[in-house]
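The structure appears below as structure tokens.
Computed from heavy atoms alone, side chains included, the values below leave out hydrogens, waters and symmetry copies.
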Amino acid sequence: MGGVLLDLGKEGVALLKEEREKFQEGKYDKAVEEVGDLISKIKNQVEGVGGEMLDRVNDLEKERDELSKQIDKAKDSAGEVSAEEKEKLKKKFDELTEKTGEVLKDLEKKN
């Protein structure tokens, strides 16, 4: 299991960086979806363990869902997002990816 987590950690950190760039480019839905997939992979790894780590992953899922709703709400009829909204969404996305990265690091430490 340690090797699997190590791979997930390295790949996860690279993916988070990549998705931040996509988000900057305005590819919100895709970036949030990819981070959501990563969170699901982490959850699969910690479900047997439970406890505080699982609680943190569940919180990440809630934040991801909330961000997704905010993105949908921020889009106007043409599917565009205002500059002000972009900044708010970017900040939320950065927080989400930061917390996800912290969970990955903590997972690596435990193994």
(message) How close do Ala31 and Lys22 get, counting heavy atoms only, and between which atoms?
(response)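 Nearest pair, atom of Ala31 first, then Lys22: CB-CB, 4.2 Å.
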What pairs with [X] under side chain to side chain donor-acceptor pair (under 3.5 Å), at least two apart in sequence or on another chain?
X: Lys27; result: Glu25
X: Lys43; result: Asn58, Glu61
X: Asp94; result: Lys90

(request) State whether Asp106 and Arg56 are salt-bridged, where the test is any N-O pair (Lys NZ or Arg NE/NH1/NH2 against Asp/Glu carboxylate O) under 4.0 Å. (result)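 Salt bridge present between Asp106 and Arg56.
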Sequence-distant partners of [X], side chain to side chain contact (heavy atoms under 4.5 Å, CB included), two or more places apart:
X: Ser82; value: Glu84, Glu85
X: Gln70; value: Glu66, Leu67, Leu89, Lys92
X: Lys17; value: Glu21
X: Glu98; value: Arg20, Glu102

(message) Measuring only between side-chain heavy atoms, which start at C-beta, is Asp65 closer than 4.5 Å to Lys62?
(response)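 SC-SC contact between Asp65 and Lys62 ruled out.
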(message) I want to check something: taking the side chain as every heavy atom from C-beta on, are Val46 and Val103 in contact at a cut-off of under 4.5 Å?
(response)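 They are not in contact (no side-chain heavy atoms under 4.5 Å apart), so the answer is no.
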If a pair satisfies ring pair (Phe, Tyr, Trp, His ring centres under 6.0 Å) and one of its residues is in [range], list it, with sequence neighbours excluded.
range: residues 56-89; answer: none
range: residues 52-92; answer: none
range: residues 55-90; answer: none
range: residues 19-48; answer: Phe23-Tyr28, Phe23-Phe93

Atom [atom1] of [X] and atom [atom2] of [Y]: how far apart are they, to the nearest 0.5 Å?
X: Leu60; Y: Asp55; atom1: CG; atom2: CG; result: 11.0 Å
X: Ile39; Y: Asn44; atom1: CD1; atom2: CG; result: 12.5 Å
X: Glu19; Y: Gln24; atom1: CD; atom2: CD; result: 12.5 Å

(request) Kindly say whether Leu96 contributes a backbone atom to a donor-acceptor pair with the side chain of Thr100 at under 3.5 angstrom? (result)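 Indeed, once roles are kept as given, a pair shorter than 3.5 Å links the two residues.
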(request) With sequence neighbours excluded, give me every side-chain hydrogen bond (donor to acceptor under 3.5 Å, both in side chains) pair touching residues 32-42. (result)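 Output for this query lists Lys30-Glu34.
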(message) Between Ile71 and Val81, is the side chain to side chain contact (heavy atoms under 4.5 Å, CB included) condition met? List the steps.
(response) CA-CA 8 Å; Ile71 290 169; Val81 178; 5.5 Å; no
